[in-house]
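Written below as structure tokens is the structure these notes are about.
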Amino acid sequence: MTRSESDGFSRRSLLSTAGAVTGAGLLAGCSSVENPGADGDDSLEIVVGSKNFTESIILSYMAYEVLDANTDASVVDETNYGNNAETWGAFENSTIDLYWDYTGTLWLTNPPQNDEPVIGQEEQYEAVKEEAEAEHDLEVLDMAPFENTWAIVADQETIDETDIETLSDLAAYVNDGNYDLSVAVEDDFYERNDGWPGLTEHYGFDDEALAEWEAADGVVVVNVGLTYDEVELGTADLGIAYSTNAQLATYNLELLEDDEYFWPAYNPIPVIAADKSTPDIRDELNRIGPAIGGPGTMQELNARVDVDGEDPQDVANSFLSDQGLI
């Protein structure tokens, strides 16, 4: 049974202990567990999870479908689990065994939380793979070739009126005492190390000016996926976005340039518990990224869900069928 994107937050009650898991994680020390599916029998169960936004859900349904169709594993659907912290906590305590993350997120946000990105998509991937596999009992599989980075977006009218074209321009605008603009940020982004706290520090937002801006309701915290609607409706002037989201083209929004290179590369990568990884599992999962290819394809798939209202599992299934993967 599929679930709508909106019910991701209902899982928080299931994570009263998992959400607090930090550090090396509860997966450490599990390497001695026998892998029941190593010889290809049907006793291997893999619980597939995802974060609670459209792209993550689609990618994880692709993983679910290729494993269900092409391997002997018993696959369990736990997509749309929650935000980043909730999903990582569920992975660490073995509530889920497999999900898609992003190279930049694993590097900057999940333990051990590095302070600076690695420049270059391939370089960032290699650093993430080496560190994550050393720190946790997991495997980082092949990254998808497309990138989905964060961005702050605005409509052209706002850009023309304020001359804000870069994130440095936005910081200077606020630091000069201008608190008339509002920015819509997702609740997860508002808390993340590679989100609002790190962004405002990196770009030198003055602490007092930032506090005044927030006190003037300049920073509006909303649920996942609603930042575009806030900008489109005019209830916010700026919004946090993902670079592959369909709403960018639908609402004719422009990206402010990350001119001081705050964000690292964000290539999607399947992450699987080491005791659930077998050669056939890895082979099937590693076929997905190359089949998607560039960001345009992912944006089209996101649009089928967010704009056209299709079910994300149906979108994943039809795409895989068209590509001959199932």
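- Across every non-hydrogen atom of Ser56 and Trp100, the tightest pair is OG-O, 4.2 Å.
- A search for ring-ring contact (aromatic ring centres under 6.0 Å, His included) contacts involving Phe262 returns His202, not counting sequence neighbours.
- The backbone N or O of Thr149 sits less than 3.5 Å from a side-chain atom of Ser243, completing a donor-acceptor pair.
- Shown here are the salt bridge (charged side-chain N to carboxylate O under 4.0 Å, His left out) partners of Glu147, two or more places apart in sequence or in another chain: there are none.
- Taken from CD in Glu254 to CG in Asp155, the straight-line distance is 9.0 Å, to the nearest 0.5 Å.
- Counted within 6.0 Å of CD on Gln156, heavy atoms from surrounding residues, nucleotides or ligands total more than 12; the atom is thus considered enclosed.
- Neither side chain, Tyr102 nor Gln124, offers a donor N or O lying under 3.5 Å from an acceptor on the other.
- By the side chain to side chain donor-acceptor pair (under 3.5 Å) test, Glu230 is found to be paired with Thr235, residues two or more places apart in sequence or in another chain being considered.
- Shown are Thr297, Asp314, Leu325; of these, the side chain to side chain contact (heavy atoms under 4.5 Å, CB included) with Phe319 is made only by Thr297.
- Using a cutoff of 4.0 Å between basic side-chain nitrogens and carboxylate oxygens, Asp188 and Arg192 are scored as salt-bridged.
- Residues Ile269 and Val128 are in side-chain contact: their nearest non-hydrogen atoms beyond the backbone lie under 4.5 Å apart.
- Taking a 6.0 Å sphere around CD of Glu130, one finds it holds 12 or fewer heavy atoms contributed by other residues, nucleotides or ligands.
- You'll find the side chain of Asp68 stays beyond 4.5 Å of the side chain of Val66, heavy atoms only.
- Within the 4.5 Å cutoff, the side chain of Glu65 has no heavy atoms near those of the Val75 side chain.
- Residues forming a side-chain contact (heavy atoms from CB on, under 4.5 Å) with Arg304 (at least two apart in sequence, or on another chain): Leu301, Asp308, Glu310, Val315, Ser318.
- Take Asn178 and apply the side chain to side chain donor-acceptor pair (under 3.5 Å) test, not counting sequence neighbours, and it matches no residue.
- Of the N and O atoms on the side chains of Ser277 and Glu139, at least one donor lies less than 3.5 Å from an acceptor on the other residue.
- Here Tyr242 and Tyr266 keep their ring centres 6.0 angstrom or further from each other.
- Glu208 CD to Trp213 CH2: the interatomic distance, rounded to the nearest 0.5 Å, is 15.5 Å.
- We find the CH2-OG1 distance between Trp107 and Thr109 to be 12.5 Å, quoted to the nearest 0.5 Å.
- Using modelled atom types and a 3.5 Å distance limit, the side chains of Gln113 and Asn193 yield no donor-acceptor pair.
- With 3.5 Å as the limit, one finds a donor-acceptor pair spanning the side chains of Asp229 and Tyr251.
- Taking the side chain to side chain donor-acceptor pair (under 3.5 Å) definition, one finds that Asp101 meets it with Lys51, Tyr99, Asn110, sequence neighbours left out.
- Counting heavy atoms from C-beta outward, Trp196 and Val221 have side chains that stay 4.5 Å or more apart.
- For the atom pair Asn223 CG and Asn83 CG, the distance stands at 10.5 Å (nearest 0.5 Å).
- Put simply, CZ on Phe189 and CD1 on Ile152 are 6.0 Å apart, with the number rounded to the nearest 0.5 Å.
- Between the side chains of Tyr228 and Asp306, no donor-acceptor pair is found at a separation under 3.5 Å.
- Side chains of Leu256 and Val153 form no contact here, defined as non-hydrogen atoms less than 4.5 Å apart.
- Within a 6.0 Å radius of CD in Glu133, other residues, nucleotides and ligands contribute more than 12 heavy atoms.
- Panel note: side chain Asp237, backbone Ser182; a donor-acceptor pair is recorded below 3.5 Å.
- Here the rule is side chain to side chain contact (heavy atoms under 4.5 Å, CB included) with Leu199, and of Leu167, Asp194, Val185 only Leu167 fits it.
- In this structure, CG in Leu238 is found 10.5 Å from CG in Leu253, a value given to the nearest 0.5 Å.
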